[in-house]
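Since the model is a prediction, treat every value here as computed from it, not as a measurement. Numbers for residues simply follow the sequence, beginning at 1.
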Amino acid sequence: MITRTSLTSVAVQGVTGVWGSNDSFTESLTLFSKVTKEAPDVSKVFQGPIARPKVFWHDESPDFENFEVLGEALAQSPDLFRQPGYDGGLFLVLPDGSSRSILKGRPLASVIADRIDLHRFHNGKPKSCSISNGMLEVMLHAEVFLSEFRLIDRVASQPEYLPGFILTNPGYNDGGDGHRCFFVGDSPESSDSMQRINTFLDVMDFQTHSDRANAVAGLLTVALRHHWPGGKPIILATASKSHSGKDTVLDFIAGQTPKTSVSWEPADWATQKAITIELNTDPSLGMIRLENARVSGSSKIASAFVERFVTNPAPSLYSPGCGAEPRRIRNDIVMAISTNFGVLSEDLLNRGLPIHLEPKGSITDRQSPIGSPQEEYLPRYREEIAAEVHGMIERWRVAGMPLDYSRKHSRRVWAHHIGGILMVNGVEGFLDNYGDRRVADDPIRSSIAVLGSHSLGKWLPISEIVVEVDRLGLMDPLVPKHERSRFEAQKRGLGKVLSVHANENFTVQSEDERVDFRLEKQRRRFEQGKPETRYGFVVANKAEPDEVDGPEDLTEHVIDREIPRIT
């Protein structure tokens, strides 16, 4: 009597078949072969996962029959999964927890050799057991073969958040499209404290409370990077001098997520090629850091590729010379840029999460109470910081996952969610510096801020503003080069620039006060005379400058409140 099992495949005509096991790996196995058309010796019992299923491949059989049987046999291996989309390919989970993409015939041949006892026949006669690479690559794109495997979007070495902001469990997790993953780690832990996070933040020289809060926002963004594809910001880490701790803050933000660093290249194609190579080499990357961005002369730091990449939910990975076919990926990547020198483009600033460091005094003479933050503290407490992040998100879930609609950013959905998490955990100042940094890092906006600081409360015609601009030495950023030759040309050029920025808010900060004003443009009667166009610098708010002070004794900095607050 022939015993059918879950792995046994028998064609109607007995054309092809496979040795295999059932779910308990204990029942007898069967096979129908085109050669014998009868069951083989059933004394050969598959005793465990070490034994290899026997598959008969017949060259004269339709491809779909051979593909289906071989796929069914391979799918019993717990380390093989189907890649998402219709581009074909499999994921192989390696013993160390990493993954390898199988997109070509040669790697698939090695997988088959390790897992299948393959017998190939041609016109009923045994042939070489190897299948041509061309046929294997066809099979890697055939739905009848791929449909035998469980679909995953990625293999994860670190816990992820599924829809509903629920943490993954070890093993296979099906959270729907974009959230199917095989997690090879242990069950994650969460913490009720924020002590390790706060201790690190206290030793970093953030310019304002908002920069400090934005660092925590970046940490949460990386942890939740599989949400909001194409809707996450670029993390912009800037500093007033070298060795201020930009890379240390970015290491803190990356956490345990796989990351890589790419040197900034002024040529956009070179940046695109470098990022494409990194993502093709390691598909598990969650954060890419463009280091030490700078340009020569007065040009701005800009990249059309980076701007396009961060806003595309499914960017295409391709660059000439990379040796790989174009492919699309789900945009689960967090991009970061660090710079001391140069001016960021307006597009990058609009899409950015600004974090600015401004250390005082000599950096080389300073002694950190926690040792080296980057080389000692973060490696030592990486797991505890991750547990504190999980705790922050869990407290937000328990509170009903409220959103903070008061946070303003071009990445609105992201800002509302991250703002809600920070609000529940008592972190204040998130994105409060969003407009400030756009002013400080944009030469035109910063020049308008300087101009406004000398004209607060005034409504001036363009002729008087040109004189003031010249007096303050702001002609270069505010008046286009081709319109500086004559006074009338200067009026026309400056008018165009101010009109573009009309109704925008600006901030100027001195040691004594911080002033927020709005640039307005109106055409009406001023005082006496005919109607004319004037520009006004209308004061909106005055306040004392913001400062960030850490605790005097970091060794005693312990948080024991029910909902920790960063103060």
**Request:** Kindly indicate, with the supporting measurements, whether the criterion side-chain contact (heavy atoms from CB on, under 4.5 Å) is fulfilled by V216 and L422.
**Result:** CA-CA 8 Å; V216 183; L422 296 174; 3.8 Å; yes

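- With respect to the salt-bridge test (charged N to carboxylate O, under 4.0 angstrom), the residues D79 and R115 qualify.
- Using modelled atom types, no side-chain atom of N214 and backbone atom of F430 make a donor-acceptor pair closer than 3.5 Å.
- Side chain of T168 to main chain of P159: no donor-acceptor pair is present (N/O by atom type, distance under 3.5 Å, no hydrogens or angles).
- Atom SG of C181 is separated from atom CG of L162 by 6.0 Å, given to the nearest 0.5 angstrom.
- Open room surrounds CG on D186; 12 or fewer heavy atoms of other groups in view lie less than 6.0 Å from it.
- At least one donor-acceptor pair closer than 3.5 Å links the side chain of T271 to the backbone N or O of E265.
- Checking side-chain atoms of S77 against main-chain N and O of L80 turns up no donor-acceptor pair under 3.5 Å.
- A side-chain donor-acceptor contact under 3.5 Å links R395 and N425.
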**Intermediate values then yes/no, salt bridge (Lys or Arg N to Asp or Glu O under 4.0 Å), E143 and R82** = CA-CA 10 Å; E143 185 65 24; R82 176 180 179 172; 2.8 Å; yes

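- The aromatic rings of F121 and H119 lie parallel to each other, with less than 30° between the two planes, well short of the 60° mark.
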**Item:** Step-by-step side-chain contact (heavy atoms from CB on, under 4.5 Å) determination, F67 to L140
**Value:** CA-CA 9 Å; F67 292 176; L140 278 171; over 6 Å; no

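- Here the straight-line distance linking atom CD1 of I421 with atom CE of M401 works out to 10.0 Å at 0.5 Å rounding.
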**Message:** side-chain contact (heavy atoms from CB on, under 4.5 Å), that's the test. Do L146 and L90 meet it? Break it down for me.
**Reply:** CA-CA 8 Å; L146 296 172; L90 300 174; 3.9 Å; yes

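- Using cut-offs of 30° and 60° on the angle between ring planes, the pair F81 and F182 is tilted.
- A donor-acceptor pair is defined here as one N or O able to donate and one able to accept, closer than 3.5 Å; such a pair exists between the side chain of H409 and the backbone of R411.
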**Message:** The test is ring pair (Phe, Tyr, Trp, His ring centres under 6.0 Å); show your working for Y161 and F165 and say whether it passes.
**Reply:** CA-CA 5 Å; Y161 280 89; F165 299 91; 7.1 Å; no

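- A donor atom on one side chain and an acceptor atom on the other are not found under 3.5 Å apart for E291 and S263.
- Atom CZ of R407 is separated from atom CH2 of W414 by 10.5 Å, given to the nearest 0.5 angstrom.
- Formation of a donor-acceptor pair under 3.5 Å by the E189 side chain with backbone atoms of A387 is not found in this model.
- In this structure, CE on M423 lies 10.0 Å from CH2 on W396, to the nearest 0.5 angstrom.
- Under the 3.5 Å distance criterion, the side-chain polar atoms of R52 are matched with a main-chain donor or acceptor of A113.
- Here the NZ-CD1 distance, from K104 to I102, works out to 13.5 Å after rounding to the nearest 0.5 Å.
- A donor-acceptor pair shorter than 3.5 Å cannot be found between the side chains of S316 and R328.
- A donor atom on one side chain and an acceptor atom on the other are not found under 3.5 Å apart for S190 and E394.
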**Residue pair R330, H179: steps toward the side-chain contact (heavy atoms from CB on, under 4.5 Å) verdict** = CA-CA 10 Å; R330 178 183 167 90; H179 294 278; 3.5 Å; yes

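- Sorted by first and then second residue, the pairs that involve residues 225-234 and meet side-chain hydrogen bond (donor to acceptor under 3.5 Å, both in side chains), not counting sequence neighbours, are R154-H226, E160-H226, R225-T257, H226-D332.
- Remark: E376 CD is packed, more than 12 non-hydrogen atoms of other residues, nucleotides or ligands lying under 6.0 Å away.
- Side chains of S128 and S130: a donor-acceptor N/O pair is present below 3.5 angstrom, by distance only.
- The environment of R100 atom CZ is sparse: at most 12 non-hydrogen atoms of other residues, nucleotides or ligands sit within 6.0 angstrom.
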**Worked verdict on E384 versus R196 for salt bridge (Lys or Arg N to Asp or Glu O under 4.0 Å)** = CA-CA 7 Å; E384 293 184 39; R196 300 304 182 194; 2.8 Å; yes

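- For the pair D59 and R120, the salt-bridge criterion is met [side-chain N within less than 4.0 Å of a carboxylate O].
- Remark: N312 CG to N331 CG distance equals 7.0 Å, nearest 0.5 Å.
- Under a 3.5 Å cut-off, the side chain of S193 and the backbone N or O of Q195 do form a donor-acceptor pair.
- For the 3.5 Å distance criterion, the side chains of D268 and S303 qualify, holding a donor opposite an acceptor.
- Side chain of S61 to main chain of W57: no donor-acceptor pair is present (N/O by atom type, distance under 3.5 Å, no hydrogens or angles).
- D153 contributes a side-chain N or O that, together with a main-chain N or O of G178, makes up a donor-acceptor pair within less than 3.5 Å.
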